[in-house]
Amino acid sequence: MSSVNIGVLISGGGTNLQALIDSIDKGYINGKIKVVISNRKDAYGLVRARKNLIEALYINRKEFNSDIEFDLKILDELEKRQVELVVLAGYLKVLSKEFVNRYKNRIINIHPSLIPSFCGKGYYGEKVHRAVLDYGVKITGATVHFVDEGADTGPIILQEAVFVDNNDTVDTLREKVLEIEHKLLPMAVKLFCENKLEVIGRKVIIRD
Ligand SMILES: Nc1nc2c(c(=O)[nH]1)N[C@@H](CN(C=O)c1ccc(C(=O)N[C@@H](CCC(=O)O)C(=O)O)cc1)CN2
Ligand SMILES: NCC(=O)N[C@@H]1O[C@H](COP(=O)([O-])[O-])[C@@H](O)[C@H]1O
């Protein structure tokens with residue numbers, strides 16, 4: 001089976017990107033990351049990409065007149081490289097309808113909570129863990145899902161839970177959830193690359 005061309009969008013440190021790079025390098029994922037694109041110049045994920053000889057682009061939103069034009073630029077860079085799967089690995093901008101429709105059911109996102117809890121506009125990064133602690137829930141976790149027009153509303157591919165302890169802080173919770181993310185995201189990408197994910201309405205069926 002030929003490998004799948006992957007494009008990864010980031011905004012930050014890139015530990016999920018690193019998990020994908022490592023998973024591909026050890027042969028766990030039948031894919032090739034063709035390009036990493038960040039909307040933030042200081043994203044350490046760009047450094048991780050370059051260290052692994054992966055093309056890394058910073059695209060400055062301020063150089064475009066609208067979010068749509070910005071998205072179209074990103075789409076152009078992805079399609080120039082025949083990208084078949086887009087992975088959002090800590091990408092902190094909501095994609096436009098045009099982008100989502102161009103890659104329908106071919107955009108995967110990782111979110112640091114058990115969707116539909118603590119997700120959507122305003123819920124990203126540490127804000128999620130802060131909300132989890134403030135609410136007092138006893139479990140949280142991570143979700144990998146296909147991306148649709150809404151923020152974190154797409155069909156769920158994989159989830160895994162973790163207990164919230166009384167002495168947990170944002171930092172300790174982030175670390176516990178990241179450990180799950182670094183397992184679930186490569187697993188979901190592997191399943192996609194092996195053509196084992198079928199979307200039926202809101203449900204994602206994992207085929208053997
Ligand atoms: N169309 C979609 N685009 C994106 C999705 C999605 O599900 N559908 N997922 C997000 C990632 N994400 C949660 O997983 C998420 C990212 C950012 C935000 C948010 O509120 N962002 C702020 C700006 C943040 C910043 O630039 O500092 C905002 O848009 O006002 C919510 C959820 C990726 N794209
Ligand atoms: N709503 C999107 C969101 O909050 N994404 C989260 O940003 C972090 C990125 O970390 P990383 O840059 O080390 O992969 C991860 O925890 C990811 O789940």
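Both counts, for ligands and for their atoms, begin at 1 and track the order of listing. Values below: all heavy atoms of this structure, side chains included; hydrogens, waters and symmetry mates excluded.
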Nitrogen or oxygen of Gly150 less than 3.5 angstrom from that of ligand 1: yes
Contact atoms of ligand 1, heavy-atom distance to Asp152 under 4.0 Å: 6 (C), 7 (O), 9 (N), 12 (N), 13 (C), 14 (O), 32 (C)
Has ligand 1 got any nitrogen or oxygen that is less than 3.5 angstrom from a nitrogen or oxygen of Gly122? yes
List by chain and number: which residues place a heavy atom under 4.0 Å from ligand 2? Gly12, Gly13, Gly14, Thr15, Asn16, Gly90, Ile110, His111, Pro112, Tyr123, Tyr124, Gly125, Leu178, Glu181
Under 4.0 Å to a heavy atom of Gly120 - the qualifying atoms of ligand 1, by number: 31 (C), 32 (C)
Less than 3.5 Å between some nitrogen or oxygen of Leu95 and one of ligand 1, yes or no? yes
Below 4.0 Å from ligand 1: does a non-hydrogen atom of Arg40 turn up there or not? yes
Test: Lys93 and Asp71 ion pair at under 4.0 Å: no
If we only count N/O pairs under 3.5 Å, is Thr153 in contact with ligand 1? no
Using non-hydrogen atoms of the residue, decide whether Asn39 is closer than 4.0 angstrom to ligand 1. no
Just to verify, what does Lys127 make a salt bridge (Lys or Arg N to Asp or Glu O under 4.0 Å) with, not counting sequence neighbours? none
So if I count the atoms of ligand 1 from 1 in the order they appear, which ones are less than 4.0 Å from some heavy atom of Tyr123? 31 (C), 32 (C)
Taking distance alone, with N or O pairs closer than 3.5 Å, would you say Lys93 contacts ligand 1? yes
The atoms of ligand 1 lying under 4.0 Å from a heavy atom of Glu149, numbered in the order shown, are 1 (N)
Sidechain N-carboxylate O distance under 4.0 Å for Glu77, Lys73: yes
